[in-house]
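Notes to accompany the following structure.
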Protein chains: 2
Amino acid sequence: MRTIWWQDQTVHLIDQTKLPHQEIIVECRDYPDVANAIATMQIRGAPAIGVTAAYGVALGAWRAPADSVPDLLAQLQPVYETLRATRPTAVNLFWGIDKMRRYADAVAAGTDDADEVRRLLLAEAERLADEDVATNRRMGEYGAALIEDGMNVLTHCNTGALAVVDYGTALGVIRAAWEQGKHIHVWVDETRPFLQGARLTAWELMKLGIPMTLISDNMAGHFMRRGQVDAVFVGADRIAANGDVANKIGTYSVAVLAHENGIPFYSVIPVSTLDLSLASGEQIPIEERDPREVTHIQGVPIAPEGVHVANPAFDVTPNRYVTAIVTNRGVVYPPFEEGLRRVVAESEGNV
Amino acid sequence: MRTIWWQDQTVHLIDQTKLPHQEIIVECRDYPDVANAIATMQIRGAPAIGVTAAYGVALGAWRAPADSVPDLLAQLQPVYETLRATRPTAVNLFWGIDKMRRYADAVAAGTDDADEVRRLLLAEAERLADEDVATNRRMGEYGAALIEDGMNVLTHCNTGALAVVDYGTALGVIRAAWEQGKHIHVWVDETRPFLQGARLTAWELMKLGIPMTLISDNMAGHFMRRGQVDAVFVGADRIAANGDVANKIGTYSVAVLAHENGIPFYSVIPVSTLDLSLASGEQIPIEERDPREVTHIQGVPIAPEGVHVANPAFDVTPNRYVTAIVTNRGVVYPPFEEGLRRVVAESEGNV
């Protein structure tokens with residue numbers, strides 16, 4: 001299952017706001033459609049957002065009327081800006097856009113054929129998508145070594161195939177352990193307010209046939225205290241140079257509860273989720289989303305009209321609660337600064 | 001606002017499953033209706049359950065066909081049993097039933113008029129209801145001293161007027177501080193899966209005009225870490241002799257997060273919520289409720305059909321996370337054993 005693909009000069013993606021009840025494909029015909037799909041969380045998950053933004057840039061190039069390469073580069077500027085403005089926390093968004101921008105500038109220097117630039121940008125987006133799948137497989141292998149036969153693992157939000165192009169980050173690790181024949185059981189936090197766990201992770205695990213139990217977020221601690229959770233695996237939307245993890249709201253609570261109960265806590269990410277420009281997680285902007293996500297569930301009001309609401313979409317887990325960070329370049333243990341610098345350097349040397 | 005009252009030989013109560021969208025009064029004409037109202041959580045909250053059960057016994061007596069006192073006592077046995085079987089965790093349920101049973105046995109020894117026993121049982125239920133309100137006011141006074149002007153307090157579940165006969169336990173403390181003129185702001189956990197916070201606490205605070213912000217449960221830790229929570233006040237469904245607190249699922253997580261962030265955590269309860277017969281919270285039975293409370297919200301499915309679910313309604317917070325227990329007999333600090341024994345002894349001496 002791919003969450004996003006290019007077909008007939010259109011970006012196709014699975015509308016994740018409609019899952020698990022309806023499987024609807026969104027067709028984005030120009031870059032504002034892509035921006036809207038990201039902003040409304042029809043597509044979400046840090047790696048998926050990065051690749052979607054890359055496709056958005058390619059789509060913007062294909063729809064731009066420019067005849068010349070300089071005109072095309074100029075017409076790509078609003079594409080970059082519009083896509084950048086969709087979501088503030090996931091660093092993969094900026095990574096995907098910046099990759100495409102640098103690539104566009106580079107290829108533009110070597111041709112005066114605007115259509116060739118268009119073709120190359122599409123090929124680059126396709127390459128990033130394929131690379132994402134390979135990256136997930138590698139993380140799966142590294143991470144699965146941390147899961148023993150018979151373990152109960154807990155996950156928060158959705159980090160499966162739907163959060164990436166295919167396979168998954170934290171859920172990819174769980175899936176890899178399962179594919180290795182390990183008998184595991186997964187506790188799935190429903191992940192309020194957007195219910196990515198209940199709607200998406202539960203759906204993916206059921207499709208894969210992996211034993212699981214859905215719980216509301218506030219039950220995780222209860223099962224940890226009773227010794228029914230052996231490890232926690234989550235993704236991340238951005239990780240700072242010191243290993244502080246910005247991830248879906250509720251991750252910090254899970255991490256503190258795991259720490260208090262002596263349970264290892266792992267964040268699983270491609271290197272593109274690292275942001276070494278930030279010394280610590282305190283500098284990561286936290287997206288505040290529509291109060292309606294809290295007050296309404298699938299259109300049904302669950303609180304009094306006019307109630308005052310906070311809806312931070314992410315939180316920051318300080319590095320002291322993080323046992324290790326699983327990347328596509330290996331597992332990094334504390335102190336994180338050095339290890340994270342190393343995997344980024346290796347990754348850049350390889351690109 | 002009273003949540004429960006006797007009128008025309010019928011027990012009336014506000015249907016809390018319909019709030020905040022509809023204010024519907026349930027009329028219970030015999031004790032099975034009362035049992036059903038408790039089991040389906042049309043009425044909930046430990047103290048309210050205790051008083052409701054007492055009214056249920058009175059109602060059972062009024063509807064029993066017995067002409068003689070011995071027959072009436074015999075016909076009350078299935079009333080006690082049916083009411084006891086409704087919910088396993090809240091000790092106030094058993095407290096209310098046992099109070100009425102002992103009272104019935106005592107008055108039966110002094111009369112051969114079954115109708116007099118009926119009248120006395122109703123009077124006793126009314127007395128317990130009135131006593132509950134007075135108890136809440138006293139807890140409010142004791143607890144409000146712990147809240148300083150300008151504080152941000154966090155609460156979980158609903159412990160307001162709706163959880164008792166009137167006024168509230170933990171929310172009564174918050175209300176008392178507000179009535180003393182203290183400027184406070186309340187963080188309200190929505191309290192999945194039954195959403196007592198979003199539906200009931202938010203509704204009560206808005207009616208009272210107390211500034212509040214509704215959040216999903218997994219946001220509480222985030223705001224604690226950012227220094228935006230100064231104290232936590234919750235109720236309890238049962239507290240063991242050592243001060244372990246059984247309360248609404250999610251309470252343990254809130255307590256651990258408060259502890260980790262140096263925030264005081266208070267449980268506010270009438271003495272009737274103490275169960276000194278249990279040495280620790282590990283012995284408290286935890287009610288497992290219908291999976292549909294997790295998979296559906298107001299009838300709308302939020303998870304794949306057939307998903308496996310856990311739905312423990314309560315959790316146990318070990319006493320080391322509890323700063324103090326606020327009772328109608330004063331504030332008890334650790335070590336709890338001695339202080340809790342003292343308030344129970346004082347209370348029994350007074351009855």
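Lettering follows sequence order; numbering is per chain, from 1.
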When only pairs under 4.5 Å are counted, which of [options] shares the most heavy-atom pairs with chain A?
options	result
Glu190(B), His156(B), His259(B)	Glu190(B)
Asp217(B), Thr213(B), Leu200(B), Thr251(B)	Thr213(B)
Glu293(B), Arg199(B), Lys248(B)	Arg199(B)
Ile215(B), Ile297(B), Val300(B), Ile302(B)	Ile302(B)
Gly250(B), Gly197(B), Pro193(B), Pro291(B)	Gly250(B)

Can you say whether [X] sits under 4.5 Å from chain B via the side chain, the backbone, both, or neither, judging by heavy atoms?
X	value
Val316(A)	both
Asn311(A)	both
Ile249(A)	both
Val307(A)	both
Phe223(A)	side chain
Pro20(A)	side chain
Met212(A)	both

Item to check | Shortest non-hydrogen separation from Gln298(B) to Pro301(A) and the atoms involved | outcome: OE1-O, 3.3 Å

Item to check | Which atom of Pro304(A) lies closest to which atom of Ala202(B), heavy atoms considered | outcome: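 Reported closest heavy-atom pair: CD-CB, 3.9 Å.
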
Relative to chain B, which of [options] shows the most heavy atom pairs under 4.5 Å?
options	answer
Tyr252(A), Trp187(A), Trp203(A)	Tyr252(A)
Ser216(A), Gly221(A), Ala310(A)	Ala310(A)
Glu305(A), Arg225(A), Met224(A), Met206(A)	Arg225(A)

Checklist entry - Pick one: which of Val294(B), Asp315(B), Val309(B) meets side chain to side chain contact (heavy atoms under 4.5 Å, CB included) with Met219(A)? => result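 One option only clears the test, and that one is Val294(B).
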
Next on the checklist: Within residues 226-237 of chain A, which residues come under 4.5 Å of chain B, heavy atom to heavy atom?
Outcome noted: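 Within residues 226-237 of chain A, near chain B: Arg226(A).
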
Check whether [X] gets within reach of chain A through its side chain, its backbone, both or neither, counting any heavy atom under 4.5 Å.
X	value
Pro318(B)	side chain
Leu195(B)	side chain
Ile286(B)	side chain

Checklist entry - Are Leu257(B) and Val256(A) close enough that some pair of their side-chain heavy atoms sits under 4.5 Å apart? => result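 Leu257(B) vs Val256(A): side chains touch.
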
Checklist entry - Distance only, no hydrogens: is a donor on one side chain within 3.5 Å (strictly under) of an acceptor on the other, for Tyr321(B) and Glu260(A)? => result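 Their side chains do contain a donor-acceptor pair, which is all the 3.5 Å distance test asks for.
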
Checklist entry - Is the backbone of Arg192(B) close enough, under 3.5 Å, to the side chain of Asn218(A) for a donor and an acceptor to pair up by distance? => result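 Such a contact is found between Asn218(A) side chain and Arg192(B) backbone.
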
